[in-house]
Amino acid sequence: MSSDHATEDRLLAGEIVIFQPKKGFRVGTDSLLLASSLPDRAQARYLDVGAGCGGALLPAAWRLSHIHFDGVELEPEMVDLARRGVTANHFSDRITVEPGEVSNWVKTRENTYDCAFSNPPYFEPNKIKQPGLGRAHAYIETIDLETWLKAMIFAVKPRAPIVLIHRSAELARLLSGLDRWVGEIVVLPIAPFPGAEANRVLIRGRKGLRRGRVRLLAPLFVRDAEGADAFSDAMQAVKRGQKINWD
């Protein structure tokens, strides 16, 4: 994607350079929440499924500076933007971004990764009106959610974590897709402000463990009150690249 169709922006209080489309999907709080939710593991290799332009991948690599990351992304234009971000942030020795449809791409990578994470497309085909130019690949599922989850699970090592963020309305479908394959599931609701219903959920689980009980944590609030201009302390910490506490 040419510079005429992309912008150069900053994340994490200016620490990260990112290139993203002028029109279409723009990196927001969901990507930063996902990046801040990842565990820190020694001598590890992580996989970003549906990496887009690097909205979660680059902040995660900044915080977890000793981990190698691979990203897979369907749209070639987004792959180009993500690679530009990798180069601009001097992450070329630790991040690889490849084009591919995830369910096929992972077939040669079973039990490879120490963690897989994702911000999947949020809507099934024909469930919402057609998104604007450049948004469809980010918002509409090109493969069904269960297949997406199975690809993540397939790619990680036994007992390794998977982490994802999605709409809270899809929590039942998410748990159903993880059933039988993932245990120690923890759900962190994300609400716009106190008193509002959660509209996002962060989910973490580990491959191959018994599902057992699902832990539902107290919500993280994006803002302290309805209509507040400033982000909450918790969200400001996320925007600085600090780790989310799952405990």
Side-chain angles (χ1 to χ4, degrees), residues 11-13 15-16 18 27-42 44-72 91 94-95 113-122 138 145 148-149 151-153 155-157 159-171 174-175 177-178 182-192 198-207 209 214-223 231-247:
L11 302 175
L12 307 188
E15 295 289 344
I16 290 294
I18 188 166
V27 173
T29 57
D30 291 0
S31 297
L32 298 180
L33 285 162
L34 179 60
S36 287
S37 69
L38 303 181
D40 190 350
R41 310 188 75 179
R45 191 179 191 100
Y46 286 11
L47 173 65
D48 184 357
V49 177
C53 63
L57 182 63
L58 298 173
W62 177 84
R63 179 170 66 86
L64 304 171
S65 59
H66 54 285
I67 290 176
H68 187 100
F69 292 83
D70 290 338
V72 56
F91 290 155
R94 292 197 297 116
I95 299 181
Y113 293 96
D114 299 286
C115 177
F117 59 101
S118 184
N119 181 7
Y122 281 167
L145 182 58
W148 191 285
L149 295 174
M152 295 177 68
I153 296 165
V156 297
K157 299 174 182 177
R159 305 178 70 86
I162 67 166
V163 185
L164 63 148
I165 190 167
H166 211 288
R167 296 190 305 134
S168 58
E170 297 290 359
L171 181 57
L174 290 161
L175 294 178
L178 297 173
V182 174
E184 292 188 5
I185 295 173
V186 184
V187 179
L188 174 60
I190 310 297
N199 58 4
R200 298 286 187 268
V201 285
L202 276 164
I203 301 180
R204 183 185 69 188
R206 294 175 64 194
K207 175 179 178 176
L209 300 185
V214 175
R215 293 177 57 209
L216 183 64
L217 304 181
L220 184 153
F221 299 115
V222 176
R223 300 182 187 273
F231 289 104
S232 67
D233 288 346
M235 192 64 220
Q236 289 186 43
V238 167
K239 290 173 71 66
R240 293 192 299 269
Q242 295 181 18
K243 180 182 178 181
I244 288 176
N245 184 6
W246 287 87
D247 298 323

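Positions are given from 1 along the sequence.
- Closest of all the heavy-atom pairs between Ala234 and Leu220 is CB-CG, 4.1 Å.
- When atom types are taken as modelled, the side chain of Lys207 and the backbone of Ile153 share a donor-acceptor pair closer than 3.5 angstrom.
- The side-chain heavy atoms of Val49 and Ile162, taken from C-beta on, include no pair separated by under 4.5 Å.
- In this structure, CZ in Arg63 is found 14.0 Å from CD in Glu15, a value given to the nearest 0.5 Å.
- Taking 4.5 Å as the limit, some side-chain heavy atom of Leu188 sits within range of a side-chain heavy atom of Ile244.
- Considering only heavy atoms from C-beta on, Val156 stays 4.5 Å or farther from Arg206 through its side chain.
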Steps toward side-chain contact (heavy atoms from CB on, under 4.5 Å) verdict (Leu178, Ile203) | CA-CA 10 Å; Leu178 297 173; Ile203 301 180; 3.9 Å; yes

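- For the pair Phe69/Arg94, a side-chain contact is recorded, criterion being any heavy-atom separation below 4.5 Å from C-beta on.
- Counting only heavy atoms from C-beta outward, the side chains of Leu174 and Leu164 approach each other to under 4.5 Å.
- Here OH of Tyr113 is found 7.5 Å from NE2 of His68. Values are rounded to the nearest 0.5 Å.
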Evaluation steps, side-chain contact (heavy atoms from CB on, under 4.5 Å), between Arg200 and Thr29 | CA-CA 11 Å; Arg200 298 286 187 268; Thr29 57; over 6 Å; no

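- Heavy atoms only, all atoms of each residue included: Leu32 and Gly55 are closest at CD2-O, 4.3 Å.
- Looking at Arg41 and Leu64, their side chains never come closer than 4.5 Å, going by heavy atoms from C-beta outward.
- In plain terms, the two heavy atoms of Pro59 and Ile16 that are nearest each other are CA-CG1, 4.5 Å.
- Few gaps surround CZ on Arg240; more than 12 heavy atoms of other groups in view lie less than 6.0 Å from it.
- Taking CG from Leu202 and NE2 from His166, the interatomic distance works out to 12.0 Å, rounded to the nearest 0.5 Å.
- Within the 3.5 Å criterion, the main-chain N or O of Pro161 finds no donor-acceptor partner in the side chain of Arg204.
- To the nearest 0.5 Å, the span separating CG on Leu58 from CD1 on Ile95 amounts to 5.0 Å.
- The two residues Leu38 and Cys115 come nearest to each other via the heavy atoms CD2-SG, 4.5 Å.
- Asn119 places none of its side-chain heavy atoms less than 4.5 Å from the side chain of Asp48.
- The CG atom of Asp30 sits 4.0 Å away from atom CD1 of Ile165, with the distance rounded to the nearest 0.5 Å.
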Start with the C-alpha gap between Trp246 and Arg215, add the side-chain angles, then the distance that decides, and say whether side-chain contact (heavy atoms from CB on, under 4.5 Å) holds.
-> CA-CA 10 Å; Trp246 287 87; Arg215 293 177 57 209; 6.0 Å; no

side-chain contact (heavy atoms from CB on, under 4.5 Å) between Leu57 and Tyr46, worked out = CA-CA 10 Å; Leu57 182 63; Tyr46 286 11; over 6 Å; no

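- In this structure, CG in Asn199 is found 10.0 Å from CZ in Arg167, a value given to the nearest 0.5 Å.
- By the 4.5 Å heavy-atom criterion applied to side chains, Val214 and Leu216 are not counted as neighbours.
- Taking every heavy atom of both residues into account, Ser118 and Trp148 meet most closely at OG-NE1, 2.8 Å.
- Contact record, Ala155 with Leu47: CB-CD2, 3.8 Å, taken as the closest heavy-atom pair.
- In this structure, the side chain of Ser36 engages the main chain of Gln242 through a donor-acceptor pair within 3.5 Å.
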